[in-house]
Novice: 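Okay, handing you the structure first.
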Amino acid sequence: MDSKIILNTIEKVVYRLMNLGGADYGKDKEATSSNVSKGLIARDFGIEEWDWPQGVGLYGLTKLQAHLGDDRYDDFLISWFERNIERGLPSRNINTTAPFLALMDLVRRKGDKRFAAMCLERAEWLMNDAPRTEDGGLQHVTSAIGNRDGVSLNDGQIWADTLFMAVLFLSQAGQYFRRPEFVEESIHQFLVHIKYLFEKSNGLMHHGWTFHGRNNFGGIFWCRGNSWFTYGAMEYISGFTAIPIGEGVEKFITDTYISQCNALKELQGESGLWHTVLDDAESYEEASGSAAIAAGMIKGLKMGKLPAGFRGTAEKAIEAIIAAVEDDGTVGKVSAGTGVGMDREHYRNIVIRPMAYGQSLALLALTEALDL
């Protein structure tokens with residue numbers, strides 16, 4: 001692949017990410033159920049809120065910066081954290097843990113004691129106070145819509161999103177603070193999520209599971225939900241440095257990842273992207289999930305976890321992602337925030353809008369592709 005084209009696209013995507021601005025967060029106080037069901041939640045837009053879309057966005061910058069081997073985005077990152085700390089953090093939940101991934105990276109590199117204390121406090125909260133489901137799964141608690149100090153408990157529910165938003169951070173915090181109990185709990189969470197979300201009949205991941213009714217909601221195989229595992233699994237395994245993961249656990253997660261990748265390879269659309277409902281060719285093609293799938297496959301190729309035959313699948317996806325980037329750097333074809341749905345129509349009806357995580361997941365894929 002042409003690295004010059006990839007780098008040029010990266011530059012545009014980064015500029016747009018860093019200049020997404022904010023949103024009229026007050027609108028969420030009057031948000032209708034219809035708007036929420038379509039993903040029209042103001043707090044998810046822009047880059048100026050402490051929540052999961054912004055947290056994933058920041059993580060993309062840290063990964064690109066690490067690949068480039070410098071600190072070119074540190075001023076932006078530090079300023080973002082300082083502004084949000086001064087404003088006051090929102091409620092503690094799974095989704096508001098996502099920004100701690102980028103903060104943990106700053107702690108590792110800069111050793112800032114205040115940031116380190118914040119990371120340790122959040123990890124302790126995940127360990128000791130975060131709501132749990134049966135089997136000790138982290139319940140996918142989110143911010144309340146229209147009230148950044150409140151929460152939506154999603155009682156008895158585990159979602160694939162949790163692996164990226166909170167479990168990656170818990171593992172990284174365990175490595176940095178030399179807390180093996182953090183690492184062991186992150187392993188437990190990965191295994192619990194695989195237990196309840198992996199569909200053995202086709203190799204894909206369900207979006208969520210509820211212990212109330214003991215089912216996978218509508219049993220829909222959502223693109224971005226699957227991508228949290230495709231990329232998250234390889235990112236998770238590669239992050240074991242000070243404390244090892246254990247050969248058996250690594251093989252179990254890897255085998256699940258390979259099964260998923262085999263299924264995804266067969267479902268890739270003609271354009272190179274995947275459909276937002278993976279096994280529904282009538283649903284729209286979605287770029288953010290496709291980008292994270294591509295990033296996960298490329299990372300797996302480079303780690304020796306996937307056979308070389310996946311290279312063509314990944315390259316086709318990267319070409320489609322580049323094609324989805326508009327002249328101003330906006331990553332198009334990105335679906336808005338998506339709660340668990342009971343049918344395909346729920347996922348088909350989510351609006352398409354520029355999102356911080358759309359920019360970031362494209363960055364992750366393009367960054368991985370630089371040395372494919």
Side-chain angles (χ1 to χ4, degrees), residues 1 6 56 59-60 62-64 66-67 98 101 159-165 167-169 171-172 186 190 193-194 197-199 202-207 221-240 245 250-269 272-276 278 285-322 331 334 357-372:
M1 301 189 72
I6 295 175
V56 176
Y59 193 59
T62 67
K63 297 298 291 185
L64 173 59
H67 184 89
L101 271 170
W159 296 15
D161 314 45
T162 299
L163 293 174
F164 195 99
M165 307 308 162
V167 179
L168 277 181
F169 161 73
S171 175
Q172 292 181 13
S186 76
F190 246 89
H193 281 71
I194 290 172
L197 300 182
F198 180 69
E199 177 53 58
N202 63 14
L204 298 174
M205 288 285 175
H206 291 280
H207 187 178
F221 302 106
W222 176 45
C223 179
R224 193 164 62 241
N226 271 261
S227 79
W228 295 133
F229 183 82
T230 319
Y231 180 73
M234 292 298 96
E235 187 72 357
Y236 179 70
I237 288 172
S238 67
F240 282 79
I245 184 175
E250 180 176 348
K251 191 173 191 310
F252 181 84
I253 294 173
T254 300
D255 287 346
T256 307
Y257 158 83
I258 292 170
S259 294
Q260 188 206 34
C261 286
N262 284 329
L264 290 169
K265 185 178 182 181
E266 297 303 315
L267 292 169
Q268 187 177 29
L273 299 178
W274 281 267
H275 295 273
T276 197
L278 288 167
E285 293 182 337
E286 205 281 325
S288 70
S290 296
I293 289 171
M297 286 184 174
I298 296 171
K299 197 170 183 71
L301 282 164
K302 292 191 290 189
M303 292 170 62
K305 303 297 186 182
L306 279 184
F310 279 87
R311 183 185 178 101
T313 304
E315 288 181 338
K316 186 176 181 180
I318 293 297
E319 290 171 358
I321 291 160
I322 291 172
V331 179
V334 174
Y357 57 80
Q359 302 297 121
S360 175
L361 295 176
L363 274 184
L364 290 173
L366 294 170
T367 299
E368 292 291 345
L370 280 172
D371 56 359
L372 178 61

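Residue numbers start at 1 and run along the sequence shown.
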Novice: Just verifying a value: how many Å separate L372 CG and E315 CD, rounded to the nearest 0.5 Å?
Specialist: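 Reported value, rounded in 0.5 Å steps: 5.5 Å.
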Novice: Between I321 and A365, which heavy-atom pair has the shortest distance, and what is it?
Specialist: CD1-CB, 4.1 Å
Novice: Looking only at atom types and distance, does a side-chain atom of T256 sit under 3.5 Å from a main-chain N or O of F252, one as donor and one as acceptor?
Specialist: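 Yes: the side chain of T256 pairs with the backbone of F252.
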Novice: Answer yes or no: does atom NZ of K302 have more than 12 heavy-atom neighbours from other residues, nucleotides or ligands under 6.0 Å?
Specialist: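 Yes, the 6.0 Å shell around NZ holds more than 12 heavy atoms from other groups.
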Novice: If you look at every heavy atom in L197 and W159, which pair is closest and at what distance?
Specialist: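 Result for this residue pair: CD1-C, 3.9 Å.
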Novice: What are the two closest non-hydrogen atoms of S288 and L361, and how far apart are they?
Specialist: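 Scanning both residues, the minimum pair turns out to be O-CD1, 3.5 Å.
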Novice: How about L306 and I298: do any of their side-chain heavy atoms sit closer than 4.5 Å?
Specialist: no
Novice: Is any side-chain heavy atom of L363 less than 4.5 Å from a side-chain heavy atom of K63?
Specialist: no
Novice: Looking at Q359 and V331, would you say the former's side chain and the latter's main chain have a donor-acceptor pair under 3.5 Å?
Specialist: yes
Novice: Going from OH on Y236 to CZ on F229, what distance comes out if it is rounded to the nearest 0.5 angstrom?
Specialist: 11.0 Å
Novice: State whether the side chain of Y257 and the backbone N or O of G296 hold a donor-acceptor pair below 3.5 Å, judged by distance alone.
Specialist: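 Yes, the answer is positive, given that a donor and an acceptor are paired below the 3.5 Å cut-off.
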Novice: If you take all heavy atoms of L101 and F169, which pair is closest and at what distance?
Specialist: CD2-N, 3.7 Å
Novice: Is the shortest heavy-atom distance from the side chain of F198 to the side chain of S259 under 4.5 Å?
Specialist: yes
Novice: Do D371 and H67 come within less than 4.5 Å of each other through their side chains, counting heavy atoms only?
Specialist: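 They are in side-chain contact.
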Novice: Check G289 against S227 and note the closest heavy-atom contact, atom names and distance.
Specialist: O-CB, 3.2 Å
Novice: How would you list, by chain and number, every residue that makes a side chain to side chain contact (heavy atoms under 4.5 Å, CB included) with S238, sequence neighbours excluded?
Specialist: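 Expected list: E235, K299, M303.
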Novice: Does the side chain of M165 come within less than 4.5 Å of V56's, by heavy atoms?
Specialist: yes
Novice: What is the ring orientation for Y59 with F164, classed by angle as parallel under 30°, tilted 30 to 60°, or perpendicular over 60°?
Specialist: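 Judged by the thresholds at 30° and 60°, the geometry between Y59 and F164 is perpendicular.
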Novice: At what distance, to the nearest 0.5 angstrom, does CG of L264 lie from CG of L204?
Specialist: 6.0 Å
Novice: Do we see a donor-acceptor contact under 3.5 Å between the side chains of S290 and E285?
Specialist: no
Novice: Evaluate the side-chain proximity of W228 to L163: yes if any heavy-atom separation is below 4.5 Å, no if none is.
Specialist: no
Novice: Hey, could you give me the CD1/OG distance between I245 and S171, rounded to the nearest 0.5 Å?
Specialist: 7.5 Å
Novice: Is there a side-chain contact between I322 and L366 (heavy atoms, below 4.5 Å)?
Specialist: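 They are in side-chain contact.
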Novice: In Å, rounded to the nearest 0.5 Å, how long is the span from CD of E266 to CG of N202?
Specialist: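 The CD atom of E266 sits 12.0 Å away from the CG atom of N202.
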Novice: Answer yes or no: is there a donor N or O on one side and an acceptor on the other, between the side chain of K316 and the main chain of Q268, under 3.5 Å?
Specialist: no
Novice: Is there a donor-acceptor pair closer than 3.5 Å between any side-chain N or O of Q260 and the backbone N or O of M205?
Specialist: no
Novice: Kindly give the heavy-atom pair with the smallest separation between C261 and F310, and that separation in Å.
Specialist: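 Result for this residue pair: O-CE2, 3.3 Å.
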Novice: Is the side chain of S360 donor-acceptor paired with the backbone N or O of G60 at a distance under 3.5 Å, no angle test?
Specialist: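 Yes, S360 side chain to G60 backbone: donor-acceptor pair under 3.5 Å.
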Novice: What distance do I293 atom CD1 and L278 atom CG have between them, rounded to the nearest 0.5 Å?
Specialist: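 Atom-to-atom, I293:CD1 and L278:CG are 5.5 Å apart.
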Novice: Does any part of the side chain of D161, heavy atoms only, come nearer than 4.5 Å to the side chain of H207, both counted from C-beta?
Specialist: yes
